[in-house]
*Asks:* 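Mind looking over this structure? Questions follow.
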Amino acid sequence: MLEIGSVLDGKYKILNQIGKGGMSVVYLAMNEKANQQWAVKEVRKDGVRNYEIVKQGLVAETDILKKLNHPHLPRIIDVIDKEDSFVIVMDYIEGNSLAKALEEHGALPEEYVVFWAKQICDVLQYLHTRQPPIIYRDLKPSNIMLKPDGNISIIDFGTAREFKAGNVKDTVTLGTEGYAAPEQYGNQGQTDPRTDIYNLGATMYHLVTGYTPHPSAEPYHGMVPIREIDPSLSPDLEQIILKCTRQNPRDRYQDCVELMYDLEHIGTGDKNAVRKVRTFFVTAALCVVMVLAGSLCLGISGSQVTDTYESKIAEASDGTSALSNSERIALCEEAIGLDAGTLDAYETLLNIISSTESYCEDANITSAEFSKLSLLSKNISVIADKYDDDTALGELLYDTGHAIWFYYLSSEGSDEEMRMNQALSWFGLATKYLPEGNQYYTLANLYYNIADYNLHIQTKIDDDTDKGEYGSYWTELPQMVESASTETDYAQLQIYRMAVNSIIKYYKQFSNDGVSVSDMLSMLDEAESVLSQMSFNSEANATACEDVLASIETARKNVNLMG
């Protein structure tokens with residue numbers, strides 16, 4: 001390995017190690033004469049099997065990069081072929097990968113993803129129009145660097161190849177499972193520009209949903225549409241991703257120009273855009289009328305708007321009316337359109353979505369209803385500007401996160417991880433607006449920490465960075481169990497199931513981090529005492545309760561073995 005402080009080839013002073021992969025180590029180096037930092041990638045002969053084959057791949061990578069000049073691609077500065085290693089000196093890309101952003105934040109905002117996708121599309125179009133065309137073949141979040149200025153850079157050209165017209169198929173199969181197109185697995189033709197388009201579609205899917213696009217049990221029969229995971233995402237982006245990831249290359253975008261056009265025009269053809277244009281002209285016309293009519297007319301107009309807003313809320317809130325839930329929700333949407341800064345419509349909307357008879361017995365928030373909650377997140381700044389006291393807004397954000405965690409779609413097949421992932425941002429927002437002494441602040445912070453832990457602990461286990469994490473998790477878990485007494489039976493069932501499953505999975509780690517056997521047994525005893533007294537009308541929930549009680553016995557046996 002290169003020594004820190006040593007000078008490579010008389011020019012590059014090695015400052016520190018900044019990355020390590022299965023075959024290589026990457027260092028930050030300084031050319032002191034030029035006052036310029038570079039990244040130095042070293043592959044040692046004694047650390048890699050089949051070194052000559054790996055070296056051939058590196059030579060091919062550098063040969064490709066040497067020919068390129070694009071603002072979103074690193075430049076190759078130097079190649080040093082030593083007896084015991086092969087070293088590439090290239091642009092140092094400051095920042096972190098999008099894989100790191102996913103790890104830290106989960107699903108990323110759609111507007112950011114579309115912004116990055118357009119930059120990637122521009123890079124791919126540049127590569128595909130070289131002579132001969134260059135096919136990247138391994139686009140994924142870990143190969144996309146997010147720089148401090150918000151732009152991206154694509155790294156690692158180890159799997160790129162030059163397209164050879166007339167070839168029936170590729171010589172080798174390369175790519176990453178989940179992101180790789182069907183043709184990358186052989187026997188389906190050689191990779192071409194449409195392969196990179198598939199990779200980009202799979203990458204966008206991961207970035208906006210937070211879910212790795214692993215192939216289904218029946219490979220490449222389509223990914224779950226993104227709006228089934230997050231209904232607030234735009235239909236246009238959903239269609240773009242679906243088209244990018246079609247199994248047959250002929251059914252995808254045929255080039256990046258076509259794809260770029262659709263990315264540039266997301267939202268321009270939907271009903272919301274038409275509504276905004278219509279609202280602009282109506283508002284402009286009203287302004288002219290008001291100016292001509294004077295202040296008296298303006299006062300009357302304001303009063304009518306208030307009356308209309310309140311009448312819509314009153315009609316939507318009337319539980320004795322014959323209106324359907326969808327009609328009442330539509331009234332709330334209309335009220336928000338009239339006054340986006342007042343909480344009443346959002347509170348009424350949440351009550352309608354979460355107050356059907358089955359709410360306390362089973363999950364019942366559908367994907368269509370869930371999508372309406374995005375009205376609140378989109379208008380938070382408008383609401384906050386209108387109120388001096390943010391507490392009411394914070395409590396509504398907490399209630400929304402709580403409803404999503406416990407009641408969003410589980411009766412339609414969503415898993416706990418998805419609901420926690422969706423609720424996480426709502427609890428985070430709630431803590432932003434609630435004062436620290438408020439009881440809902442404490443609960444929002446508690447649920448946020450529990451969700452964040454469960455969503456990221458497996459990554460830490462995989463990276464072997466989980467040591468010491470379990471003690472802090474345990475301090476949160478009893479608080480959540482204690483809060484269960486104020487919840488519905490259905491929510492209590494879910495809380496105790498999470499607690500019991502956590503003990504089954506991590507009882508050894510809890511013990512290693514100082515949690516006593518008696519504390520774990522005490523929590524299991526409490527869960528058994530509460531759940532054994534519950535009764536559910538729903539057969540599914542009754543069965544679920546029995547399953548948790550059976551799990552308690554398993555957990556108790558495991559913990560007792562440590563005593």
Side-chain angles (χ1 to χ4, degrees), residues 361-363 402 405-407 410-411 413-421 423-424 427 443 445-536 538-563:
E361 176 66 18
D362 201 352
H402 181 276
W405 182 310
F406 292 113
Y407 302 105
S410 73
S411 61
S414 77
D415 58 26
E416 188 169 58
E417 181 179 332
M418 179 189 290
R419 287 183 280 121
M420 284 194 297
N421 193 40
L424 187 68
F427 291 132
L443 288 170
N445 196 53
L446 173 65
Y447 280 116
Y448 181 92
N449 290 338
I450 291 282
D452 185 65
Y453 177 90
N454 280 278
L455 290 170
H456 296 110
I457 187 61
Q458 189 57 51
T459 301
K460 293 182 179 180
I461 291 172
D462 293 342
D463 294 341
D464 197 27
T465 58
D466 61 313
K467 293 179 178 60
E469 295 286 332
Y470 302 92
S472 58
Y473 178 47
W474 181 263
T475 63
E476 308 277 0
L477 206 56
Q479 295 179 55
M480 188 172 186
V481 169
E482 184 179 345
S483 74
S485 61
T486 62
E487 302 285 358
T488 65
D489 284 358
Y490 178 75
Q492 285 189 64
L493 172 61
Q494 293 191 60
I495 289 172
Y496 282 116
R497 178 171 56 192
M498 176 184 287
V500 172
N501 287 342
S502 294
I503 292 175
I504 290 174
K505 290 171 67 176
Y506 307 126
Y507 68 96
K508 290 181 180 178
Q509 292 91 333
F510 283 144
S511 179
N512 290 339
D513 280 3
V515 180
S516 69
V517 167
S518 61
D519 282 345
M520 286 186 268
L521 291 175
S522 176
M523 182 178 288
L524 293 172
D525 290 342
E526 180 182 348
E528 184 176 52
S529 173
V530 173
L531 294 176
S532 61
Q533 299 177 47
M534 286 185 179
S535 61
F536 292 95
S538 160
E539 183 178 342
N541 288 335
T543 301
C545 188
E546 291 172 6
D547 290 343
V548 177
L549 287 168
S551 296
I552 290 172
E553 286 306 310
T554 301
R556 189 177 281 124
K557 288 177 183 178
N558 291 343
V559 173
N560 278 324
L561 287 174
M562 300 181 63

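The first residue in the sequence is number 1, and the count goes up from there.
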*Asks:* From Glu546 CD over to Asn541 CG, what is the distance, rounded to the nearest 0.5 angstrom?
*Replies:* 11.5 Å

*Asks:* Starting at CD of Gln479, measure out to CG of Asn449 and round the result to the nearest 0.5 Å.
*Replies:* 9.0 Å

*Asks:* As an exercise, state the distance from CD1 of Ile504 to OG of Ser551, rounded to the nearest 0.5 Å.
*Replies:* 4.5 Å

*Asks:* State which residues pass ring-ring contact (aromatic ring centres under 6.0 Å, His included) with Tyr470; sequence neighbours excluded, sorted by chain then number.
*Replies:* Tyr506

*Asks:* Could you grab the distance from atom CD1 of Ile503 to atom OG1 of Thr554, nearest 0.5 Å is fine?
*Replies:* 12.0 Å

*Asks:* Does any part of the side chain of Glu487, heavy atoms only, come nearer than 4.5 Å to the side chain of His402, both counted from C-beta?
*Replies:* yes

*Asks:* Apply side chain to side chain donor-acceptor pair (under 3.5 Å) to Lys505 and list each qualifying residue two or more places apart in sequence or on a separate chain.
*Replies:* none

*Asks:* Report the residues that fulfil side chain to side chain contact (heavy atoms under 4.5 Å, CB included) with Thr465, sequence neighbours left out, ordered by chain and then residue number.
*Replies:* Lys460, Asp463

*Asks:* Considering non-hydrogen atoms only, spot the tightest contact between Ala451 and Met420 and give its length.
*Replies:* CA-SD, 4.0 Å

*Asks:* Any heavy-atom pair between the side chains of Trp474 and Met523 that's under 4.5 Å?
*Replies:* yes

*Asks:* Under the rule for side chain to side chain contact (heavy atoms under 4.5 Å, CB included), what residues qualify as partners of Tyr496, not counting sequence neighbours?
*Replies:* Val481, Ala484, Gln492, Glu526, Ala527, Val530, Leu531

*Asks:* Which atoms form the tightest heavy-atom contact between Ser502 and Tyr473, and what is the distance?
*Replies:* OG-OH, 3.0 Å

*Asks:* Donor-acceptor check, side chain of Ser483 to backbone of Met480, threshold 3.5 angstrom: yes or no?
*Replies:* yes

*Asks:* Answer whether the closest heavy-atom distance between the side chains of Phe510 and Met520 falls below 4.5 Å.
*Replies:* yes

*Asks:* Hey, what do you get for CG (Asn454) to CG (Asn501), rounding to the nearest 0.5 Å?
*Replies:* 10.0 Å

*Asks:* Partners of Asp452 by side chain to side chain contact (heavy atoms under 4.5 Å, CB included), sequence neighbours excluded?
*Replies:* Leu424, Tyr448, His456

*Asks:* Considering residues at least two apart in sequence or located in another chain, which fulfil the side chain to side chain donor-acceptor pair (under 3.5 Å) criterion with Ser516?
*Replies:* Ser518, Asp519

*Asks:* Taking the side chain as everything from C-beta on, heavy atoms only, tell me whether Asn560 gets closer than 4.5 Å to Leu521.
*Replies:* yes

*Asks:* Between Tyr507 and Val515, is any pair of side-chain heavy atoms under 4.5 Å apart?
*Replies:* no

*Asks:* Tell me every residue that passes side chain to side chain contact (heavy atoms under 4.5 Å, CB included) with Ala423, counting only those two or more places apart in sequence or in another chain.
*Replies:* Ile404, Trp405, Phe427

*Asks:* For the residue pair Phe536 and Leu493, establish whether any side-chain heavy-atom pair is separated by less than 4.5 Å.
*Replies:* yes

*Asks:* Any side-chain heavy atom of Glu476 sitting closer than 4.5 Å to one from Ser472?
*Replies:* no

*Asks:* Could you name each residue pair satisfying salt bridge (charged side-chain N to carboxylate O under 4.0 Å, His left out) that touches residues 550-562, not counting sequence neighbours?
*Replies:* Asp525-Arg556, Glu528-Arg556, Glu553-Arg556

